[in-house]
Amino acid sequence: MQEFSPLDGALLLDKPAGPTSHDVVDAIRHKFGIKKVGHCGTLDPNATGLLIIVLGRGTKLSEKMMADDKVYEGTVKFGETTDSYDADGELTGSLPVPPMSLDQLNETAAEFVGDQMQTPPMVSAVKIKGVPLYKLARKGIEVAREPRLIHIYHFRFTNYEPPLGQFKVACTKGTYVRSLAHELGLKLRCGAHLATLRRIVAGKFDVADATKLEDVLKLTLAELERKVIPFLKLAV
């Protein structure tokens, strides 16, 4: 039987808006002096919520855990499109928002439920010949991207006060929620972009059980160990 360190496992972290997922990994690595640190599923810089950090031998389980389904909450702004499909991008279009009720909005959102092929946005971490797409996008270069099969289990708006709609979506790994927002805007013929996003569930883990990044960085090594989900519990 292999012996495991108390730091071989995963940490449930509530990421704030601002840092990249890689920034969070670096902060934890440097604060606690842990050589192997990774994450299970990128969150865009302004996205918040559940980021699963894997430590030590826990990094061997990152692919397994990244394959899990996700649930997000967020806000879509209708009437404006951006080059990144979210609020971080440059405004590329502005159109009047047609009158519609919450029920009408949900009728259109329901059309996205099920299997679909989704093309990754240019501003994304997907790599083409080893180069992340966002680096090409910064140079004004657009390249062909292979569509990927995704599945939307649930996509529904809970509130709509023009031009903002609050939604909840459950989907498979690799789904770009900002692409959903963009495509919804195209269907409604007014354009839209993702204004806010928060990951609340990944697989069997919930953001309610996560610790805020600022609080994690205040922990001692012994306190961190008590928050780590052990490798053997993750591998089940």
Side-chain angles (χ1 to χ4, degrees), residues 9-25 37-54 58-59 61-76 84-88 106 109-121 123-127 132-134 145 147-158 165-184 192-213 229 233-236:
L11 174 70
L12 304 184
L13 190 141
D14 188 345
K15 183 184 106 54
T20 66
S21 299
H22 186 69
D23 290 339
V24 172
V25 166
V37 184
H39 67 78
C40 302
T42 301
L43 279 176
D44 289 333
N46 277 337
T48 67
L50 184 59
L51 185 65
I52 301 175
I53 300 295
V54 280
T59 55
L61 300 174
S62 59
E63 282 191 28
K64 171 184 179 289
M65 295 171 70
M66 272 194 279
D68 289 333
D69 297 333
K70 314 289 193 301
V71 180
Y72 298 90
E73 291 178 340
T75 309
V76 171
S84 62
Y85 304 167
D86 64 12
D88 281 344
N106 277 323
E111 295 175 19
F112 290 88
V113 173
D115 287 341
Q116 62 176 278
M117 300 301 291
Q118 187 184 69
T119 301
V123 181
S124 66
V126 173
K127 293 182 179 180
L133 287 174
Y134 68 83
R145 286 97 68 202
R148 299 175 169 189
L149 177 65
I150 63 165
H151 185 87
I152 306 299
Y153 300 100
H154 172 94
F155 184 27
R156 188 166 183 83
F157 284 80
T158 55
Q166 295 174 326
F167 69 90
K168 188 172 183 178
V169 62
C171 53
T172 51
K173 72 161 189 172
T175 300
Y176 283 91
V177 182
R178 52 197 163 99
S179 289
L180 277 183
H182 178 78
E183 290 159 14
L184 179 60
H193 68 267
L194 185 66
T196 66
L197 185 69
R198 181 168 176 79
R199 184 189 289 157
I200 56 173
V201 174
K204 61 185 177 181
F205 302 110
D206 194 294
V207 72
D209 301 315
T211 306
K212 291 182 179 180
L213 175 62
I229 302 167
K233 190 171 180 180
L234 296 171
V236 173

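Just so we're clear, the structure is a prediction, and the values are computed from it rather than from any experiment.
- Of all non-hydrogen atoms in Ala109 and Leu184, the two that sit nearest each other are N-CD1, 4.2 Å.
- In this structure Asp14 satisfies the side chain to side chain contact (heavy atoms under 4.5 Å, CB included) test together with Arg198, Val207, Ala210, Lys212, sequence neighbours excluded.
- Partners of Thr196 according to the side chain to side chain contact (heavy atoms under 4.5 Å, CB included) rule, which considers only residues two or more places apart in sequence or in another chain, are Thr75.
- At most 12 heavy atoms of other shown residues, nucleotides or ligands fall within 6.0 angstrom of atom NZ in Lys233.
- To the nearest 0.5 angstrom, Thr211 atom OG1 is 6.0 Å from Leu11 atom CG.
- Across all their heavy atoms, Met65 and Leu234 have their closest contact at CE-CD2, 4.0 Å.
- Within 6.0 Å of atom NE2 in His22, 12 or fewer heavy atoms from other residues, nucleotides or ligands are found, so the atom counts as exposed in its surroundings.
- Residue Lys64 qualifies as enclosed at atom NZ: its count of foreign heavy atoms under 6.0 Å is above 12.
- Although no hydrogens or angles enter the test, the distance criterion places a donor-acceptor pair under 3.5 Å between the side chain of Arg178 and the main chain of Ser84.
- In this structure a side-chain-to-backbone donor-acceptor pair under 3.5 Å is present from Gln118 to Tyr176.
- We find the CD-OG1 distance between Glu183 and Thr119 to be 7.5 Å, quoted to the nearest 0.5 Å.
- In this pair, Phe167 and Phe155 present their aromatic rings perpendicular. The plane angle is above 60°, beyond the 30 to 60° band.
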Verdict with reasoning, Asp86 to His193, per side chain to side chain donor-acceptor pair (under 3.5 Å): CA-CA 5 Å; Asp86 64 12; His193 68 267; over 6 Å; no

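- Here the closest non-hydrogen pair linking Gly38 and Thr59 is N-CG2, 4.0 Å.
- Counting only distance, with no hydrogens or angles, the side chain of Thr172 and the backbone of His151 share a donor-acceptor pair below 3.5 Å.
- Remark: side-chain polar atoms of Arg199 are paired, donor with acceptor, to backbone N or O of Leu50 under 3.5 angstrom.
- Without hydrogens or angle criteria, Lys15 side chain to Pro45 main chain gives a donor-acceptor distance under 3.5 Å.
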